[in-house]
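Each remark here refers to the structure printed beneath this line.
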Amino acid sequence: MDSVRDGPRNPLLGRVSAFTAACLLVSNMIGTGIFGTTGFMALDLGSPSWILSLWAVGGLFALLGALAYGELGAAMPRSGGEYIYIRAAYGPLLGFLSGWTSLTIGFSAAIASSAHLFAGHLLELVAALRPPTAAGQSAALEPPGSRALLALGLVWALTLVHASSVERGGLLQRILTVVKVAALLILVVAGLTIGAGEWGRFVQSDQPASPSLQTVLVSFMFVTFSYTGWNAASYIAGEIESPSRNLPRAMLLGTLTVGALYLLVNVTYLYALPMSALGSPPMDLVGHKSAFALFGGAIGPWFTALLLVSILGAASAMIWAGPRIYQAMAQDHVFPRWFAGSSARGGVPARSIFLQSAWTSVLIVSGTFESLVLYATFVLIVFTAVAVSAVFVLRRRVPELERPYRVWGYPWTPALYLLISIAILWAALQLRPVESLLGVATVLAGIPFFLWWSRGTGRAGIRNADPTSERSVPRNSG
């Protein structure tokens, strides 16, 4: 039992504080969604009360998931996130497919998308700061291929930092998170105190009747996408100091922080612009439009710089978190064993980090990451819901498993999370059936790889991960 609770003994164990783990979670959650999602919601819902309500419900949804992951992570404090929990509850195949999804489309496609956005905004900032030409025109068009090259440069710069040591990666994550959150708070405080807004806009509405259920679910899908990443700290559970205590704290603190910040930012948007302006094209630039309305044209470059920091922090968090899944799969003999160890000097899964970044680079160069992000949304929600359901399975199957933290409100809180997940999945199937089914096909494509990589290991290699069995937690090979 003790070996299961402690997880694999490796050089990484206990080198990440609860604050750093919370920073990882916050950075992973706050990407670009908060800067554009509200514009689409304003167009579809037309009501400040609906917008704020859905952002609040989205925060509650993320918090419900964090509560469940907190129990699972405290009971099984091993790096790997839902791969560990799904494997423990449902066996190695389903656990592998969750990890396969993370590698092929979950983390890699999201990193590629973030890097591409970073490159675009950086070129935009450079063009805005460059002095106009003699003809009064702004800078020249971006050179061909420059966006892809900048995206690749960002990915590999972050990769080298996180592959060097846990301490350097953690320091970078803390800096990016603090700067990002501080900049957003400055935007909120300055906007609501000295910005040119109106409080009367909170009672305005462009929607004569209540929106349909389908419209509400579409908007909620945008919101849940912006909250994606609330489970990030679980991927590094085995590296956190006293993970049974600090992992639930980091997840709950980080999720609550982001939820509160998202509500404040949306209050600022609604204060800055009326519904008609928020929902007018370009909807995905609602952050830019609101900042411009509050502070004037001089805010443009500063807001772009804020976007760059936000994207950089999110990409850094994903480059740090994802490889822990592939390392855990390799330790369990369902992934090439070469990826099971940690570097001797830095104590990080460097090979897994390089693997993820190599695949991300392929997606950047090929340009396929945009479609993969669409495919990923459906299956990632599926696997997160399956992981939350593991709370029920393991409580029934392994009641004697020590649980230092138990999910508050059990069984109603995890059940509510599952019900909301089912509603989102139903809406996704109705609205984007092709993308959803292609996501499922990508998951199923991992089955031959599971059979190949786990061949010849027998019951010792492909075993059901019973959390009460010491054999279910293999030691790090180094």
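Nothing fancy with the numbering, it's 1 onward along the sequence.
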Ring centroids only, cut at 6.0 angstrom: are W100 and F449 within range, meaning strictly under it? yes
Let's go through Y417 and T384 carefully: what are the C-alpha distance in whole Å and the side-chain angles of both, what is the deciding distance for side-chain hydrogen bond (donor to acceptor under 3.5 Å, both in side chains) to 0.1 Å, and is it a yes or a no? CA-CA 10 Å; Y417 181 91; T384 304; 4.7 Å; no
Name all residues meeting the side chain to side chain contact (heavy atoms under 4.5 Å, CB included) criterion together with L355; count only those two or more places apart in sequence or in a different chain, and write none if there are none. L103, F335, F339
Donor-acceptor pair, distance only, cut-off 3.5 Å: does the side chain of S113 make one with the backbone of A110? no
Taking all non-hydrogen atoms of both residues, which atom of V388 and which atom of A68 are closest, and how far apart? CG1-CB, 3.8 Å
Could you work out, with side chain to side chain contact (heavy atoms under 4.5 Å, CB included) as the rule, every residue matching A428, not counting sequence neighbours? M221, F378, S436
Residue set satisfying side chain to side chain contact (heavy atoms under 4.5 Å, CB included) with L256, at least two apart, ordered chain then number -> L63
On a heavy-atom basis, which atom in L253 and which in T257 lie closest, and how many Å separate them? O-OG1, 2.7 Å
Would you check if the side chain of K289 reaches a backbone N or O of L273 as a donor-acceptor pair within less than 3.5 Å? no
If I compare all heavy atoms of A88 with all of M76, which pair ends up nearest, and what's the gap? CB-SD, 3.7 Å
Heavy-atom donor-acceptor pair, R351 side chain to G341 backbone, under 3.5 Å: no
Looking at side-chain heavy atoms only, is the closest gap between E82 and Y69 below 4.5 Å? yes
With sequence neighbours excluded, what pairs up with Y326 under the ring-ring contact (aromatic ring centres under 6.0 Å, His included) test? none
Results of ring-ring contact (aromatic ring centres under 6.0 Å, His included) for H121 - residues two or more places apart only: none
If you measure only the distance, is there a donor-acceptor pair under 3.5 Å linking the side chains of Q327 and S342? yes
Under the rule for side-chain hydrogen bond (donor to acceptor under 3.5 Å, both in side chains), what residues qualify as partners of S361, not counting sequence neighbours? W156
Please lay out, stage by stage, how I51 and Y269 fare under the test side chain to side chain contact (heavy atoms under 4.5 Å, CB included). CA-CA 11 Å; I51 290 174; Y269 292 161; over 6 Å; no
Check: S226 main-chain N/O paired with Y262 side-chain donor or acceptor under 3.5 Å: yes
Do the side chains of I30 and L184 get nearer than 4.5 Å, heavy atoms only? yes
Could you tell me if the side chain of L363 sits less than 4.5 Å from the side chain of I105, heavy atoms only? no
Between the side chain of T101 and the main-chain N/O of L97, is any donor-acceptor distance below 3.5 Å? yes
T228: which residues meet the side-chain hydrogen bond (donor to acceptor under 3.5 Å, both in side chains) condition with it, sequence neighbours left out? none
Closer than 3.5 angstrom, by distance alone: can the side chain of K180 be matched with the main-chain N or O of S310 as a donor-acceptor pair? yes
Crowding at CZ, F354 (>12 non-hydrogen neighbours, <6.0 Å): yes
Run the ring-ring contact (aromatic ring centres under 6.0 Å, His included) test against F222 and tell me which residues pass, sequence neighbours left out. F40
Quick check: closest heavy atoms across G238 and S79, and the distance to 0.1 Å? N-OG, 2.9 Å
S114 side chain to I311 main-chain N or O, any donor-acceptor pair under 3.5 Å? no
Is the side chain of S27 donor-acceptor paired with the backbone N or O of A314 at a distance under 3.5 Å, no angle test? no
Does the ring centre of F295 sit less than 6.0 Å away from the ring centre of F303? no
Determine whether a donor-acceptor pair (N or O, by modelled atom type, separation under 3.5 Å) exists between the side chain of D44 and the backbone of T215. no
I want to know whether F61 and W230 have ring centres closer than 6.0 Å. no
Any side-chain heavy atom of L45 within less than 4.5 Å of one from L54? yes
Shortest non-hydrogen contact from L172 toward H162: CD2-NE2, 4.3 Å
For Q214, look at atom CD and say whether over 12 heavy atoms of other residues, nucleotides or ligands are found less than 6.0 Å away. no
Partner set under ring-ring contact (aromatic ring centres under 6.0 Å, His included) for F383, not counting sequence neighbours: none
For P433, what residues pass the side chain to side chain contact (heavy atoms under 4.5 Å, CB included) criterion, not counting sequence neighbours? none
Set of residues satisfying side-chain hydrogen bond (donor to acceptor under 3.5 Å, both in side chains) with respect to T159, sequence neighbours excluded: S357
Going through the distances and angles, do T38 and N266 end up as a side-chain hydrogen bond (donor to acceptor under 3.5 Å, both in side chains)? CA-CA 7 Å; T38 303; N266 276 282; 2.4 Å; yes
Which pair of heavy atoms, one from A119 and one from A151, lies closest together, and at what distance? CB-N, 3.9 Å
Is there a donor-acceptor contact under 3.5 Å from the side chain of S454 to the main chain of V334? no
Could you check whether S98 and Y85, counting side-chain N and O atoms only, form a donor-acceptor pair closer than 3.5 Å? no
Determine whether more than 12 heavy atoms belonging to other residues, nucleotides or ligands lie under 6.0 Å from atom CZ of R174. yes
T255: what forms a side-chain hydrogen bond (donor to acceptor under 3.5 Å, both in side chains) with it, not counting sequence neighbours? none
